[in-house]
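Here is the structure we will look at, set down as structure tokens.
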Amino acid sequence: MMNKVHSRLRIFGVACGVILGILSARILWLSLSGADDAVAERDNVIRGPILDRRGISLARTEEASAIAIAPAELIDSEFAAQNLARYLAITPEEILKKIYQSNNRKYFYLKRQVDNFTADRIMDMKIPGIHREYEFKRLYPAGTVAGNLLGFVGRDPGVALAGLERSYHEMLGRAEIGDRRGPSLYLTIDSLIQSRLEKEMRAAYESSGAKGATGIFMDLETGEVLAMASFPELNPNEYQTSRTESRENLGIRMAYEPGSTVKIFMAATLLKNNAVKPNEKFFCNGEYKVGNVTVRCRVHGKMFAHGEVTLSDIITKSCNVGIIQAMNRIPPEKLYADLKALGFGVRTDIVPPGSGEAPGYLPELADWVPASRIYFPIGQGFSVSPIQLLRAAGSIANGGALLRPALARQAVAQNGHVWYEHKIIRERNPYEPAVNREVIRYMRRVVAEGTARAASIEDVAIAGKTGTGQKSSARGYEEKFVASFLGFFPAQNPRYGGLIVFDEAGEESGGSLAAPVFARFVQSILPVLRESSQTIKVPELAPLADPSRNFDPQKIGDFSGLSAREARYLASRVYGIPVELHGSGYVRSQEPPAGSPNQNVRKIKLFLEP
């Protein structure tokens, strides 16, 4: 008898141990799976909102209703159809058809995610056979603003289908114990800057007939992305009727051969290895041939010989022949090492793994072919994503810091507990500070007098580089191009950087299409950058010159050393004569010269340099 008792006690003890073990494991899982706090079951959690850095709502979940019909309970199907049609944007004929097709079913949904105000009106009619179920609906208040960046969830808000909604699905759908709603996810995006980027890009995208386009604007001190636009656009509220291509965030998913924008990295590698002497000249006769491969320099679609060019000239004029000649001095292993160190060929981790970020393609050194020595210096033979390229170029602009780019700034639970906060992650690019500074000096010339003159604006000096990369296929290179522009400002000490890309925009080049878009965009956001303490700060613009400066109203004064803004102000204030600007930066020469009588002078020409 005692043995049976002991046996039962042992069994009871083992059972209690198993139960306690399960409970302990469950408690441990709960404590670990919510940023060190217990989390509620997903089925009971309302999806958390997504907001921009200012706290403007970009995605939120609201209570909604599903309107359903029980066919067997209907007394007058036609009466029901006529009255429901008044509220649901469905014709009576369509409703009747659904009723007859579902006649053998006990219950079917006529329309889901109906707003509660409309559902209240429907239920007030008290039509037999009409039922209502409460559910949740995901809303995107800003419509197309950052639409393909945000992505969307399905009819069931618990199913994320694209974009950041999918990338941060696990986080948004969980809450700490006691909370009913998931955390608020704050993005690095500034809606004001985002909308202005989209506005400028939309106009050029539509007028050029481009297949697609993307633009990115980033803070070079933190790596935070302040705007990221893609075209064609997406309104997440209407994703069911959207085109597949509009759901792509090209800023992180596009992989393309970057063309001449990579010449800035080639220049940096040449300077790093002391492979080019100061003011050394190369000769460009318009084409470079090796075997059956020919690379040409083109201007307006025609072969063009640049003649004698220094390294600075090569970047300014985007000379293919010159950069290939110079890069023949760099061993392949050194170029490969620098491209790897800049982050090409691997994801930037701007979004969590599995989010669809393109890693680009950088062939292993063993896979290089003889033509690689020709194609790589002009940005062909390997591919990049837009965010990869901006990150790498940004490291030159900011003095050498290769920053991990970020789209998520902070995630905060409803009780105020911070689940996630962006931390700046820096690496060093492979170049010394002096090399970075020299390349930026080249890029200032590109905007002042080279292929990106259309990127110049009055209020701030811009450094940049154009690119017009030829597209390849299984049949070889085609007459299709990707036009792009990399831009940074203020050029003297860049704080912000951007990349504008247009895919298959006909005969447009980076200088003719992407560069002016960047200029108009930057001009439009300068007031936002100056005035917004919520987002980012820029140095105050220098005060305008004093009009009492020694300017004789009867003679043209000396404008040398003045900025474009100061010179225009003085010309207007003192003489009332319009100014024609050439280049960007500060006045170096002028027509007519200082001291000339202003009689019969209809226009003052000012020539500016960085």
Side-chain angles (χ1 to χ4, degrees), residues 220 258-284 288 297 306 308-344 362 365 372-379 382 384 388-403 426-452 461-467 486-488 491-494 497 609-610:
L220 299 181
S260 292
T261 50
V262 303
K263 287 174 182 167
I264 61 175
F265 308 120
M266 304 302 146
T269 294
L270 287 163
L271 293 170
K272 169 186 174 182
N273 289 279
N274 297 311
V276 176
K277 297 176 183 177
N279 299 318
E280 180 180 359
K281 293 184 178 180
F282 301 84
F283 185 75
C284 167
Y288 188 95
C297 288
H306 289 106
E308 289 190 336
V309 286
T310 64
L311 182 57
S312 177
D313 295 333
I314 288 170
I315 303 305
T316 301
K317 300 174 181 180
S318 204
C319 177
N320 289 339
V321 174
I323 198 68
I324 293 171
Q325 290 175 355
M327 287 302 293
N328 279 334
R329 302 176 179 181
I330 300 296
E333 58 272 17
K334 289 190 175 182
L335 174 58
Y336 177 74
D338 282 355
L339 293 175
K340 287 288 286 185
L342 287 164
F344 294 120
L362 180 63
L365 191 57
S372 299
R373 298 292 304 276
I374 300 171
Y375 285 135
F376 273 46
I378 60 172
F382 67 103
V384 303
Q388 272 182 339
L389 182 62
L390 180 56
R391 178 194 185 217
S395 75
I396 288 179
N398 69 16
L402 192 64
L403 298 164
R426 290 187 179 90
E427 301 174 43
R428 293 296 305 176
N429 76 7
Y431 310 120
E432 293 297 321
V435 169
N436 293 315
R437 287 194 298 270
E438 184 68 2
V439 174
I440 281 293
R441 192 177 71 82
Y442 295 168
M443 294 172 73
R444 292 178 69 175
R445 277 194 69 199
V446 173
V447 177
E449 58 186 270
T451 57
I462 292 174
K465 183 68 188 80
T466 56
L486 276 166
F488 303 96
Q492 304 92 315
N493 184 25
E609 294 180 9

Inset, instruction - State, yes or no, whether a side-chain contact exists between V439 and Y431 at a heavy-atom distance under 4.5 Å. - result: no

Inset, instruction - Using the side-chain contact (heavy atoms from CB on, under 4.5 Å) rule, take Y375 and I324 through it: C-alpha gap first, then chi angles, then the decisive distance, then the call. - result: CA-CA 8 Å; Y375 285 135; I324 293 171; over 6 Å; no

Legend entry - Side chain to side chain, D313 and R445, heavy atoms closer than 4.5 Å: yes

Legend entry - pair L311-Y442: side-chain heavy atoms closer than 4.5 Å: yes

Inset, instruction - Check the surroundings of atom CD in E280: do more than 12 heavy atoms from other residues, nucleotides or ligands lie under 6.0 Å from it? - result: yes

Inset, instruction - Give the minimum heavy-atom separation between P377 and V262, together with the two atoms involved. - result: O-CG2, 4.0 Å

Inset, instruction - Walk me through it: do V276 and L271 pass the test side-chain contact (heavy atoms from CB on, under 4.5 Å)? - result: CA-CA 7 Å; V276 176; L271 293 170; 5.7 Å; no

Inset, instruction - Report the residues that fulfil side-chain contact (heavy atoms from CB on, under 4.5 Å) with I330, sequence neighbours left out, ordered by chain and then residue number. - result: T269, L270, N273, A275, M327, K334, L335

Inset, instruction - Report yes if the side chains of K263 and N320 come closer than 4.5 Å at any heavy-atom pair, otherwise no. - result: yes

Legend entry - Which atom of T316 lies closest to which atom of V446, heavy atoms considered: CA-CG2, 3.7 Å

Legend entry - Separation between CG of L389 and CG of L486, rounded to the nearest 0.5 Å: 4.5 Å

Inset, instruction - Starting at CD1 of I264, measure out to CD1 of I323 and round the result to the nearest 0.5 Å. - result: 11.0 Å

Inset, instruction - Taking the side chain as every heavy atom from C-beta outward, state whether Q325 and I314 have any atom pair closer than 4.5 Å. - result: no

Inset, instruction - State whether the number of non-hydrogen atoms from other residues, nucleotides or ligands found under 6.0 Å of K281 atom NZ is greater than 12. - result: no

Inset, instruction - Side-chain contact test, heavy atoms from C-beta onward, threshold under 4.5 Å: evaluate it for F376 versus L362 and give yes or no. - result: yes

Inset, instruction - Assess whether side-chain contact (heavy atoms from CB on, under 4.5 Å) is satisfied between T261 and V384, documenting all intermediate values. - result: CA-CA 11 Å; T261 50; V384 303; over 6 Å; no

Legend entry - Separation of N436 CG from K272 NZ (nearest 0.5 Å): 11.0 Å

Inset, instruction - Step by step, work out the side chain to side chain donor-acceptor pair (under 3.5 Å) result for S318 and S260. - result: CA-CA 7 Å; S318 204; S260 292; 3.2 Å; yes

Legend entry - Shortest non-hydrogen separation from S395 to A392 and the atoms involved: OG-O, 2.6 Å

Inset, instruction - Look up atom CD1 in I315 and atom CE in M443, then write down how far apart they are to the nearest 0.5 Å. - result: 9.5 Å

Inset, instruction - Could you grab the distance from atom CZ of R428 to atom CG of L402, nearest 0.5 Å is fine? - result: 9.5 Å

Inset, instruction - Spell out, as yes or no, whether a donor-acceptor pair under 3.5 Å connects the side chain of R391 to the backbone of L403. - result: yes

Inset, instruction - Would you name the heavy atoms of A397 and L220 that are closest together and state the gap between them? - result: CB-CD1, 3.8 Å

Inset, instruction - Check whether any side-chain heavy atom of H306 sits under 4.5 Å from a side-chain heavy atom of V321, and report yes or no. - result: no

Inset, instruction - For the residue pair S372 and P332, establish whether any side-chain heavy-atom pair is separated by less than 4.5 Å. - result: no

Legend entry - Closest heavy-atom pair and its distance - T466, A452: CG2-CB, 3.7 Å

Legend entry - Distance-minimising heavy-atom pair for P494 and I440: CG-CD1, 4.5 Å

Inset, instruction - Just say parallel, tilted or perpendicular for the rings of F265 and F344, cut-offs at 30° and 60°. - result: perpendicular

Legend entry - Y288 and I378: CA distance, side-chain angles, deciding distance, side-chain contact (heavy atoms from CB on, under 4.5 Å) verdict: CA-CA 12 Å; Y288 188 95; I378 60 172; over 6 Å; no

